[in-house]
**Student:** 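Sharing a structure, written as structure tokens. Questions coming.
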Amino acid sequence: MRYWLFKSEPDAYSVDDLAEDGTAGWDGVRNYQARNLLRDEIQPGDLVLFYHSNAKPPGVVGVAEVVRGGHPDPTQFDPASPGYDPKSRPEAPRWYQVEIAFRARLPQMVTLQQIKEDPELREMMVARRGVRLSVQPVERAHFERVLRLGGLSPEALGGGTGR
DNA sequence: GCCAACGTTGGC
DNA sequence: GCCAACGTTGGC
């Protein structure tokens with residue numbers, strides 16, 4: 001099992017939206033590095049830190065679980081979608097998504113500032129200057145540390161599937 | 001294949 | 001709202 005961090009602007013899609021929806025296709029990613037992770041690396045059962053970017057303050061606000069691995073992002077074929085890509089064809093999709101399910105809110109959000117100031121977390125990709133990747137790998141130790149700082153027990157999430 | 005111009009991200 | 005840092009595009 002691997003761990004990831006997904007960024008979302010809460011004005012566009014927040015952890016509350018995910019909690020309400022239950023599951024969501026992580027569509028709209030239009031960056032090749034992130035696409036490769038979505039298509040090739042992210043597997044069902046992997047756990048995701050849900051991160052609010054462009055928020056006040058930015059930080060990790062929840063946990064989700066991957067429930068379906070990489071498959072073509074349908075919004076690329078929808079002319080009405082902001083993610084529409086006229087150069088992508090169904091027989092050779094350019095963009096991929098995974099599906100995630102809501103698992104938990106963090107009782108206390110873990111802010112970007114906390115991550116940067118924490119000796120155990122400051123190596124996280126999200127804390128590094130200039131890193132804009134919206135889908136990032138996270139080390140297990142970092143994942144568990146973020147959960148503890150947020151008031152969740154990693155053990156409570158780790159084993160069960162919640163399904 | 002270079003690289004200038006442009007667009008986007010996202011913290012501050 | 002600013003702007004630094006990146007990524008993408010497209011002319012050549």
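Note on naming: letters A, B, ... go to the chains in the order of the sequence lines (proteins, then strands), and numbering restarts at 1 for each one.
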**Student:** On DNA chain C, check which nucleotide each of A:V131 and A:R94 is closest to and give me the residue with the more 5' one.
**Tutor:** A:V131
**Student:** Roughly how many Å is it from CG in A:N54 to P in B:dT8, rounded to a whole number?
**Tutor:** 14 Å
**Student:** Tell me whether the side-chain N/O atoms of A:K7 come closer than 4.0 Å to OP1 or OP2 in B:dG11.
**Tutor:** no
**Student:** Between A:K87 and A:G130, just flag the one whose closest nucleotide in DNA chain C comes earlier from the 5' side.
**Tutor:** A:G130
**Student:** Select base, sugar-phosphate, or nothing to describe what A:K56 touches, counting heavy atoms under 4.0 Å on all strands.
**Tutor:** nothing
**Student:** Where is the tightest heavy-atom contact between A:G70 and A:V98, given as atom of each residue plus distance?
**Tutor:** N-CG1, 3.8 Å
**Student:** Give the ring-plane orientation class for A:F50 versus A:W26, where under 30° counts as parallel, over 60° as perpendicular and anything between as tilted.
**Tutor:** perpendicular
**Student:** Salt bridge or not for A:R122 and A:E117, using N-O below 4.0 Å?
**Tutor:** no
**Student:** Under 4.0 Å between a side-chain nitrogen and a carboxylate oxygen: does that hold for A:D46 and A:R2?
**Tutor:** no
**Student:** For the side chain of A:K116, counting heavy atoms from C-beta on, which of C:dG7, C:dG10, B:dC12 is nearest?
**Tutor:** B:dC12
**Student:** Look at A:R105 together with A:D16 and state whether they make a salt bridge at an N to O cut-off of under 4.0 Å.
**Tutor:** yes
**Student:** Using whole Å, what does the distance between atom C1' of nucleotide B:dG7 and atom CG of A:N31 come to?
**Tutor:** 13 Å
**Student:** Counting heavy atoms from C-beta on, name the nucleotide in B:dG7, C:dA4, B:dC12 closest to the side chain of A:L112.
**Tutor:** B:dC12
**Student:** Please report the distance, rounded to the nearest Å, between CH2 in A:W95 and C1' in C:dG7.
**Tutor:** 10 Å
**Student:** Using whole Å, report how far CZ of A:R128 lies from P of C:dA5.
**Tutor:** 16 Å
**Student:** In whole Å, I'd like the distance from the CG atom of A:D85 to the P atom of B:dT8.
**Tutor:** 14 Å
**Student:** Let me know the distance between CZ of A:R122 and C1' of B:dG11, rounded to the nearest Å.
**Tutor:** 19 Å
**Student:** Could you give the CD-to-P distance, from A:Q33 to C:dA5, as a whole number of Å?
**Tutor:** 18 Å
**Student:** Could you check how far CG of A:D11 sits from P of B:dG11, rounded to whole Å?
**Tutor:** 13 Å
**Student:** Which nucleotide in the set C:dG7, B:dG11, C:dT8 lies at the smallest distance from any side-chain heavy atom of A:Y32?
**Tutor:** C:dT8
**Student:** Looking only at side-chain atoms of A:R129, point me to the closest of B:dG10, C:dA5, C:dG7.
**Tutor:** C:dA5
